[in-house]
Amino acid sequence: MGLLLMEFGCVFIILFALVQSGKGEVYIVTVEGEPIISYMGGIDGFEATAVESDEKIDTSRESVTSYARHLENRHDMLLGMLFDEGTYKKLYSYRHLINGFAAHISPEQAETLRHAPGVKSVTRDWKVRRLTTHTPQFLGLPTGVWPTGGGYERAGEDIVIGFVDSGIFPHHPSFRTHNTEPYGPVPKYRGKCEVDPDTKRSFCNGKIIGAQHFALAAKAAGAFNPSIDFESPLDGDGHGTHTASIAAGRNGIPVRMHGHEFGKASGMAPCARIAVYKALYRLFGGFIADVVAAIDQAVHDGVDILSLSVGPNSPSTTTKTTFLNPFDATLLGAVKAGVFVAQAAGNGGPFPKTLVSYSPWIASVGAAIDDRRYKNHLTLGNGHILAGLGLSPSTRLNKTYTLVAANDVLLDSSVMKFSPTDCQRPEVLNKNLIKGNILLCGYSYNFVSGTASIKKVSETAKALGAVGFVLCVENVSPGMKFDPVPVGLPGIVITDASKSKDLINYYNISTPRDWTGRVKSFKGTGKIGDGLMPILHTSAPQVALFSARGPNIKDFSFQEADLLKPDILAPGSLIWAAWSLNGTDEPNYDGEGFAMISGTSMAAPHIAGIAALIKQKHPHWSPAAIKSALMTTSTTIDRAGNPILAQQYSETEAVKLVRATPFDYGSGHVSPRAALNPGLIFDAGYEDYLGFLCTTPGIDVHEIKNYTNSQCNNTMGHPSNLNSPSITVAHLVRTRIVTRTVTNVAEEETYVIQARMQPAIAIEVNPPAMTIKAGASRKFTVTLTVRSVTGTYSFGEVMMKGSRGHKVRIPVLANGYSR
Ligand SMILES: *[C@@H]1O[C@H](CO)[C@@H](O)[C@H](O)[C@H]1NC(C)=O
Ligand SMILES: *[C@@H]1O[C@H](CO)[C@@H](O)[C@H](O)[C@H]1NC(C)=O
Ligand SMILES: *[C@@H]1O[C@H](CO)[C@@H](O)[C@H](O)[C@H]1NC(C)=O
Ligand SMILES: *[C@@H]1O[C@H](CO)[C@@H](O)[C@H](O)[C@H]1NC(C)=O
Ligand SMILES: *[C@@H]1O[C@H](CO)[C@@H](O)[C@H](O)[C@H]1NC(C)=O
């Protein structure tokens, strides 16, 4: 008894020491031995390539479950052998896609693990963040795509999309199942459904078929606070609800806000099922250890597609290459298991090398501006018309109203410290002077930091009886981005500093004051136009300013990779979709059922949903085949028939438009209709990705083994030979011959192969034409030769035109060097 007590005492002291020193950290550890996905491959002789193999993990098999137990026991034994009980905490065992675990340990213990036999890698956990309707019509889904799959009521049926995000608001009409056609069971999916601790109701309803949350690493790091976020799949942010409804929300859901209908919302695959894996939380985002656990579980559960609107805050600094770390290795496992992964490319644009999605096995999605813009104007009493943003109704027709500035109607000047002019607090303003007038407010830093919102301005104006409001932005810092925010009251944000000045001067001149500065009478007038109707632009799509740009990097000295990223562009600017009533991430949409927000976060679920439509039509296609179909059929031409443009900063830091390159949009903007019938595909599988890793210059072959458990065998020669639907040679000296293999997924067809390139690089394809039988594969080569060294990339493309009308296009990029 005494001994036992002493042991407890000892444990207590060590734990205390760990906590007190504040040095406990979460580490992700991989160990020797196959994860389940490659173990199964070994048993059944699965080949990861080939269009026809669908290698879901069959977790019901006794051999698999016992192997999973065996792996977990080994993780526990290793930790138990090395460390005293209570000095460490294992958070997760990863068994399906990588073999390893996450543990909360001290840096000394991490060092011990690093040298322990059987340990392959030890990586300190790092953070991820969210990379924050009309689009189905813009993409031509209702007329061009859904009918081929049996209409919207069938689109995406029985395809399961997994969302690793901030959870879901399950009661939203976009996910509702009562009074709708019943959703049948999906036998292949075996994910769990958590029960809402508040309502005691399951998060699942037939449309949502899985809902789990992963927070152990966030808790261990002290970031998760149960009084701030929910310990359940309930979406406390809004982001997860938004992304899920973009990919798989029901069709024809009216977007109503402030008494107006902004059209009808629909997911890309409105009949697909939703499997929720919450690993992102309010305020801080999430941790890789939780995200890896979520992905491991999702693939185990049997999702077909993964939608990831998350990316690392920064590359992991403990691993040497961007392609090899616990996160990318887990995604490689997911792809090996037949799961298509769409990931947001990142929001660090328009600067080069800002991607946070690196690896060839995933589809990295950039964000486009679609054709819908909202504009409004303020007409002043002096006849000046000031343009601005105002997603609002107009003031009464032909009637003008008196302008009163918040500054001039303060109840008590001692409240100055609350920055009353940003109109967030009605109680500091004089209702008698505001009633029936237009309230002028000032834009402050509080709007950027999120403590002030346009929604609040509107509510303040309404509470004080104003007929409308104007929010005036006087100082525009470079890169400041204003999105129109729907409001119930006539309202407008004047975002142009010179127009704001115009307004302020007019107001000043027409507002006589006494010698103390007090206003004698308000004489300035104005009226606000109707901003509810969108203006449709034919110059769409364009690459959004924030969308992350290539070149892709292969390591953290920013060496360029022989791989194009992003892969593709999809709508990601001002996207209307469902919002969580419990979501707090966007102050302008607090308590609303819908939100219109922007980010590559919004672009990735567009691709996930369209991938579901392809998977429905071609259930046996590999992830690479789906990605190829999306990429080779994408477009580089906008609505008006001109080359797609990209938003860029000009020398004066204002936004300008330049001709986009593959570093902006990958292969181009997604065209769903063509993607369903690509003619040819560039297929690839696990061995090919391994070949890519093994031939990447400067990569450590031990590191490859440490993360993938696979040996290198270099038959690929050069990473540019990876059979991807793009060709990139980052360092071209003299000549390089690149090979590609296409597989015909349509009927027999004869293709003419043509290539063109900017003049600094010569391009040649061989053979110039070929006939490919249905289901057959053929090789061709692309020879790139330096003509002149320009110090920059040259862009080009290979175009294959089929006799039956298929057009298969891949981008070609090369940077020529003299040696
Ligand atoms: C507003 O003014 C226009 C032109 O001055 C006139 O045609 C129209 O009838 C007016 N509308 C109302 C509601 O008074
Ligand atoms: C308003 O006008 C007066 C003179 O008419 C000027 O001195 C003052 O600077 C102006 N104020 C603003 C805010 O422009
Ligand atoms: C989520 O929001 C709904 C609607 O506002 C509210 O009824 C519910 O109590 C909230 N849930 C939690 C757990 O806060
Ligand atoms: C890979 O693991 C071995 C031990 O198995 C270790 O010696 C080596 O440093 C690891 N390599 C890398 C790049 O982490
Ligand atoms: C290379 O990998 C392939 C595919 O796994 C395998 O069949 C072949 O035997 C390997 N070659 C060598 C030399 O290890």
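Heads up: numbering here begins at 1 and tracks the sequence. Counting convention: from 1, in listed order, for ligands and their atoms alike.
- Every atom of ligand 3 with a heavy atom of Asp198 under 4.0 Å away is listed here by number and element: 12 (C), 13 (C).
- Within the listing of ligand 3, atoms 1 (C), 2 (O), 3 (C), 8 (C), 10 (C), 11 (N), 12 (C), 14 (O) sit less than 4.0 angstrom from a heavy atom of Asn582.
- Although no hydrogens or angles enter the test, the distance criterion places no donor-acceptor pair under 3.5 Å between the side chain of Arg201 and the main chain of Asp196.
- Under the 4.0 angstrom criterion, atom 14 (O) of ligand 3 counts as having a protein heavy-atom contact.
- Using a 4.0 Å cut-off to heavy atoms of Leu234, the atoms of ligand 3 that qualify are 13 (C).
- Within a 4.0 Å radius of atom 9 (O) of ligand 3, the protein contributes no heavy atom.
- Cys pair Cys204/Cys193: SG-SG separation is below 2.5 Å.
- Looking only at heavy atoms of the protein, atom 5 (O) of ligand 3 is closest to Leu581 CB, 4.2 Å.
- Two rings, from Phe287 and Trp126, have their centers 6.0 Å or more apart.
- If you check the side chains of Arg282 and Thr584, you find a donor sitting under 3.5 Å from an acceptor.
- Looking at every heavy atom in both residues, Val128 comes nearest to Val291 through CG2-CG2, 3.9 Å.
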